[in-house]
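Just follow the structure's listing: the first ligand is 1, and inside any ligand the first atom is 1. The figures that follow rest on heavy atoms only: side chains count, while hydrogens, waters and symmetry mates do not. Residue numbers run from 1 in the order of the sequence given.
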Amino acid sequence: MKILLYNPDNGVTRNFMPHLWMFLLQALTPPGHEVLLVDGNANPMDEAGIAQFVRDNNIGLVGIGAMTRMIAKAYRMADAVRATGVPVVMGGPHVTEMADEALGRDGGPRHADAVALGEADATWPRIVEDAARGELQDIYAPVDAFGQESKPSLKEYPVIPWESIDLKQFNLVPKAATALLQKIGEGWGSFRIIPVESGRGCPYGCEFCTVTGFFGDAIRFRTNESVVNELLLLKSRARSEKGQMAVFFIDDNFAINIKRTKSLLRAIIAAKAQVHWVAQISANLLRDEELVDLIAASGGKWIFIGMESIDPANLKDVNKGFNKPGEYAAVLERLAQRNVYAITSFIFGMDNDTVGVAERTLGQVRTWPPGLPIFGLLTPLPATPLYNRLETAGRLTRPKHWQEFIPFAMAHTPLRMTIEEAHAEVNHGWAEAYSPEALAAAVESLNDQPLGYRINIFLARLCFRGIYFPMLGKMAWVKVIAQNRRTIFKLIREGFKAGAWRGAPARIPASPVPPVEGVEANVQVVGG
Ligand code: B12
Ligand code: SF4
């Protein structure tokens, strides 16, 4: 049987890296079936397009995975597939919590023939065999022989054949720049960010987060050996292509067990398996100097920190009191001393937020080492404690907000400001943090560092917003470049002085975004 795994785009932004679930399920598919992957972020498709694809390729089963924000599109695509007579199985965080919605048991239309609840590592092979026999069940739950929920241990992790997977669509370097960039340092002819997981689960239970509910508070890890081998595979592919392969460790809290993280990082160093990597780690775990040393030595370049708020009352409200705003600066300094920088994530619209929260937050951000601040709105995702609290309090203004996804729009009333004021705060945060003046200041603050670091922070700031905002057209890029011309000329001038543009080995540290922003239709990182 031919199987299509499809991940929808959300119609607004595109992601900068492929989705791990597709490669994982492909690797877990029993022999005798062929699996095709279509990531809507790289290969946008509409309803007619997917129906045609299914017919042209004689597909026998379609698997669709989606976050809440792309679920409306996922349902539309599922409907189009089912109209061709091909069954659809859906999985991922949204349908796990809203299986009745996907199966049409809540009074709405049915979108899926089957739903895979939770982690599907163990159920996927069964789903495939049932579909091949024409005996799909409605619900597949990961349970053991006694009917108890069971989670994969990750000790037996499948080998994802990265050496042979077609990754052309995820190259973030525009074709026009490839020849030039191949000559820089070890080669930047291609640049891809690959998702790798080293473990699952986070016990912290922040009120707005789906992770503790979905993956459980039982934390599970892959073996060091299996992670190291995966990195070696990626490294060798990058070398053979004269390009770069950076890794996003997608674990929700990469250092949740510090002892084990240190042991993994030591194993990476010992095996010379270092690649540039990004990971999510909560601020409280970055107090450990030895951990930070190992992060830097093993290739860590960017750490995503869910700071959420600079107001301890807000943090307490959302059960994230373990974040201590008073230590944010020290944590960031500790990282910056090792040339590791942070993606600092903030949420506005929290219950104690008032007008001016963005400026107050930016006031702090400006005193920290340069990084990539990001701003979102508190969002009640289904089945989170936050959703239940707001629903009980009658504060949800759009209880089924996912049926009509609107980017950066609140779905409940904040307590101390209006919805419109919250929207204005988030807009202010983005506009100020990524203004030409802010970009220039970020570059300036690294004046004592090698040129590569300044180029890195500049390009990262220039491109990073693309993960959250619609792709820029060519003209918009021209405008952004014109606005930032002073900083660009300054960096180019310094580059000439340093000989970087004449093939000197000017090492550019890995960026979470491409070295040059793609403007071609098939380049998938989006412009900010
Ligand atoms: C990496 C990641 C991202 C990446 C992008 C995704 C990518 N390209 O990989 C980035 C950093 C850009 C990102 C951004 C956002 N993310 Co995110 N992200 C993750 C993260 C950390 C890892 C995803 C992953 O690969 N997991 C590992 C795989 C193996 O797990 P999985 O995807 O769940 O797949 C398993 C099962 O769900 C199931 N499954 C999944 N799909 C399918 C399909 C079929 C057919 C079947 C049978 C089974 C199945 O099988 C898999 C194996 O067991 C998750 C948290 C997490 N740990 O999962 C959050 C998560 C998915 N993100 C989340 C959110 C909210 C966001 C943002 C909206 C945050 C924001 N406010 O800006 C943005 C959206 C950006 C955008 N443009 O869409 C939420 C989604 C919750 C929800 N209900 O939708 C999560 C769960 C985190 C959370 N805090 O709750 N994210
Ligand atoms: S620390 Fe991060 S992953 Fe863990 S529950 Fe909180 S927000 Fe979710």
Within the 6.0 Å centroid threshold, strictly below: Tyr75 and Trp402 | no
With Asn352 as reference, evaluate Asp311, Asn314, Asp317 under the side chain to side chain donor-acceptor pair (under 3.5 Å) test and give the passing residue.
-> Asp311
Charged N to carboxylate O below 4.0 Å: is that the case for Arg200 and Asp251?
-> no
Work out whether the distance between some heavy atom of Lys320 and some atom of ligand 2 is less than 4.0 Å.
-> yes
Lys155, NZ: over 12 other non-hydrogen atoms inside 6.0 angstrom = yes
Is the Lys NZ or Arg CZ of Arg126 less than 6.0 Å from the centre of Tyr140's six-membered ring, within 45° of the axis?
-> no
With atom 4 (Fe) of ligand 2 as the centre, enumerate protein N/O/S atoms below 2.8 Å in chain and residue order.
-> Cys202 SG
Using a strict 4.0 Å threshold on nitrogen-to-oxygen distance, state whether Arg222 and Glu230 make a salt bridge.
-> yes
Residues Trp430 and Pro373: closest non-hydrogen pair is CZ3-O, 4.1 Å
Which pair of non-hydrogen atoms, one from Asn10 and one from Arg69, has the smallest distance, and what is that distance?
-> ND2-NE, 3.0 Å
Report yes if some heavy atom in the side chain of Ile419 is under 4.5 Å from a heavy atom in the side chain of Pro414; otherwise report no.
-> yes
Does ligand 1 have any N/O pairs with the protein under 3.5 Å, and how far apart?
residue, atom, partner, partner atom, Å
ligand 1, 8 (N), Met17, O, 2.9
ligand 1, 53 (O), Ala120, N, 2.9
ligand 1, 53 (O), Asp121, OD1, 2.5
ligand 1, 57 (N), Asp252, OD1, 3.4
ligand 1, 57 (N), Asp252, OD2, 2.4
ligand 1, 77 (N), Thr13, OG1, 2.8
ligand 1, 77 (N), Asn15, OD1, 3.0
ligand 1, 77 (N), Ile467, O, 3.3
ligand 1, 78 (O), Asn10, ND2, 3.2
ligand 1, 78 (O), Arg69, NE, 3.0
ligand 1, 83 (N), Thr68, OG1, 2.8
ligand 1, 84 (O), Thr68, N, 2.7
ligand 1, 84 (O), Thr68, OG1, 3.2
ligand 1, 90 (O), Thr210, N, 3.2
ligand 1, 90 (O), Thr210, OG1, 2.5

For the pair Trp302 and Tyr341, name the ring-plane relationship: parallel under 30°, tilted 30 to 60°, perpendicular over 60°.
-> tilted
